[in-house]
Amino acid sequence: MPSTPLPTARTSAVDDDSPRVSAPLLPCLSFAVLCTLLFGLLLVLVVAQWGPLMSLDTALAGTLHRTAVTAPGATRIVRVFSDWVWDPWTMRAVLAVAVGLLVRRGEGRLALWVAATALTGTGLQQVTKALVGRDRPAWPDPVASAHYTAFPSGHALSALVAGALVLWLLRLAGARPLWRRLARAVVTVSVVGVSFTRLYLGVHWLSDVVGGWLLGGALVAGSVAVYGLHTSRTRVPGAAPRAE
C-alpha cells in the first residue's frame, strides 16, 4: 500500500517575492477621475467668473480680511504657520527626506515615483496658474502678499500632495495603525490649516483652495493607481499578493 506523503512546510519564497499591496486600484482610479471632473468643472466656473461662486469668494474673503486687520497678534501667528510651517518648500523638504530614506533602503524605483509625482504637482500648479491668470484679492490695507496668480492655491496643493504621499508610504511600509492614525491627523490638520491661513491672510479665494485640493487629490490618487498597476504587471509569475 503506497504511503501517504507527509505534508511539507510552506516556504516563504512566495511571500518574499510577492509585491506589497500599495492601495486598492479601483477606488484610487475612481477618486482620481472624480477629482479631475470636479476640478475641470471648478476651472470652467472660475474662468467664466460664475456669479454665485464669485459672490461666495468675495464674501468670505472680505469677512476674514476684516478679522485679520483687527487682530494683528493672531495674524502674525497665522503668517508664521503659512510662511514657514506649511510653506510649499517645507512640504518639499518633507518629501525630500522621504525620498532619501527610500533610496537608502534600496527602493530607488519608489523613490523616483514619489519625486516625479511631487514635481508633476508643482508643474501642473504653475501651468494652470499661468493659463488661468486669476488675480488675487486686492486690499487697501493688506496683511500679507503673495507671488504669481491665484488659481489654484499652491500651498493647498503642496500640503495635500506631500501629506497624501507620506500616508501612502506609511501604508507600503506596514506602519503600525497608531502611527498611521497620528499621521492622518497631522496631514488633515496641515491641509485644512494651511488652506485657512491663505484665506485668512487675504491672498487666496476659497475656490483657489478647493482647486488646489482637487488637483492634488487627482494627481496623487492617479499616481498611486498607476504605480499599483505597474507593480502588478511586474509581479513574479505564480506569486500571489499579500493581503494587508
Side-chain angles (χ1 to χ4, degrees), residues 28 31-50 53-54 56-61 64-65 68 78-79 81-95 114-138 144-168 184 186-225:
C28 284
F31 188 74
V33 171
L34 176 62
C35 287
T36 301
L37 292 175
L38 291 176
F39 178 78
L41 175 61
L42 181 61
L43 177 62
V44 170
L45 295 178
V46 168
V47 172
Q49 298 185 4
W50 188 52
L53 180 61
M54 299 299 104
L56 175 62
D57 280 345
T58 302
L60 181 61
L64 290 176
H65 179 69
V78 170
R79 289 197 62 174
F81 278 93
S82 185
D83 296 342
W84 295 96
V85 179
W86 293 319
D87 184 75
W89 283 105
T90 305
M91 300 297 105
R92 292 169 189 141
V94 170
L95 288 180
V114 171
T117 302
L119 290 174
T120 301
T122 301
L124 286 175
Q125 163 205 322
Q126 294 298 334
V127 169
T128 306
K129 282 178 177 289
L131 292 176
V132 176
R134 189 185 195 186
D135 292 331
R136 293 179 183 269
S145 61
H147 303 292
Y148 308 112
T149 51
F151 185 87
S153 168
H155 280 68
L157 184 146
S158 298
L160 192 144
V161 169
L165 286 175
V166 167
L167 293 179
W168 178 50
R184 281 196 293 267
V186 171
V187 170
T188 300
V189 170
S190 298
V191 172
V192 175
V194 72
S195 301
F196 172 77
T197 65
R198 305 309 285 168
L199 297 174
Y200 182 89
L201 295 173
V203 293
H204 271 297
W205 310 103
L206 176 61
S207 52
D208 299 337
V209 167
V210 176
W213 291 346
L214 292 174
L215 186 57
L219 172 64
V220 175
S223 177
V224 170

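Residues: numbered from 1 along the sequence shown.
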Contact check, side chains of T120 and L124, non-hydrogen atoms, under 4.5 Å: yes

Of all the heavy-atom pairs spanning V194 and V191, show the shortest one and how long it is. CG1-O, 3.5 Å

Going by heavy atoms in the side chains, are R92 and T122 under 4.5 Å from each other? yes

Distance in Å, W50 CH2 paired with D57 CG, rounded so as to fall on 0.5 Å steps: 11.0 Å

How long is the gap from CZ on R136 to CH2 on W205, to the nearest 0.5 Å? 11.5 Å

Non-neighbouring partners of S223 that pass side chain to side chain donor-acceptor pair (under 3.5 Å), sequence neighbours left out: W113, T117

For D87, give me all partners under side chain to side chain donor-acceptor pair (under 3.5 Å), at least two apart in sequence or on another chain. none

Within the 4.5 Å heavy-atom criterion, are S207 and R134 side-chain neighbours or not? yes

Side-chain contact test, heavy atoms from C-beta onward, threshold under 4.5 Å: evaluate it for L201 versus R79 and give yes or no. yes

Supply the atom-to-atom distance L214 CG to L219 CG, rounded to the nearest 0.5 angstrom. 12.5 Å

Are side-chain heavy atoms of L43 and F151 found at a separation under 4.5 Å? yes

Heavy-atom nearest pair, G202 first then P137, reads O-CB, 3.5 Å

Do V114 and L95 make a side-chain contact, defined as non-hydrogen atoms from C-beta onward lying under 4.5 Å apart? yes

Would you call the rings of W86 and F81 parallel, tilted or perpendicular, taking 30° and 60° as the class edges? tilted

For V186, does its backbone N or O pair with a side-chain atom of S190 as donor and acceptor, under 3.5 Å? yes

Could you report the tightest heavy-atom contact between R184 and L167, atom names first, then the distance? N-CD2, 3.6 Å

With distance as the sole test, does S153 use its side chain to make a donor-acceptor pair with the main-chain N or O of D208 at under 3.5 Å? no

Holding to side chain to side chain contact (heavy atoms under 4.5 Å, CB included), I want the full list of residues that pass it with S195, two or more places apart in sequence or in another chain. A156, V209, W213

Quick one: closest heavy-atom pair of P152 and L215, and the distance? CG-CD2, 4.2 Å

Side chain to side chain donor-acceptor pair (under 3.5 Å) against T36, all qualifying residues, sequence neighbours excluded: none

List for me each residue that meets side chain to side chain contact (heavy atoms under 4.5 Å, CB included) alongside L60, sequence neighbours excluded, and say none if there are none. L64, L199, L206

Find the distance between CG (L42) and CG (L37) and round it off to the nearest 0.5 Å. 12.5 Å

The side chain to side chain contact (heavy atoms under 4.5 Å, CB included) partners of A115 (sequence neighbours excluded) come to V99

Shortest non-hydrogen contact from G154 toward H204: N-NE2, 4.4 Å

Tightest non-hydrogen contact, residues S82 and R198, listed as OG-NH1, 2.8 Å

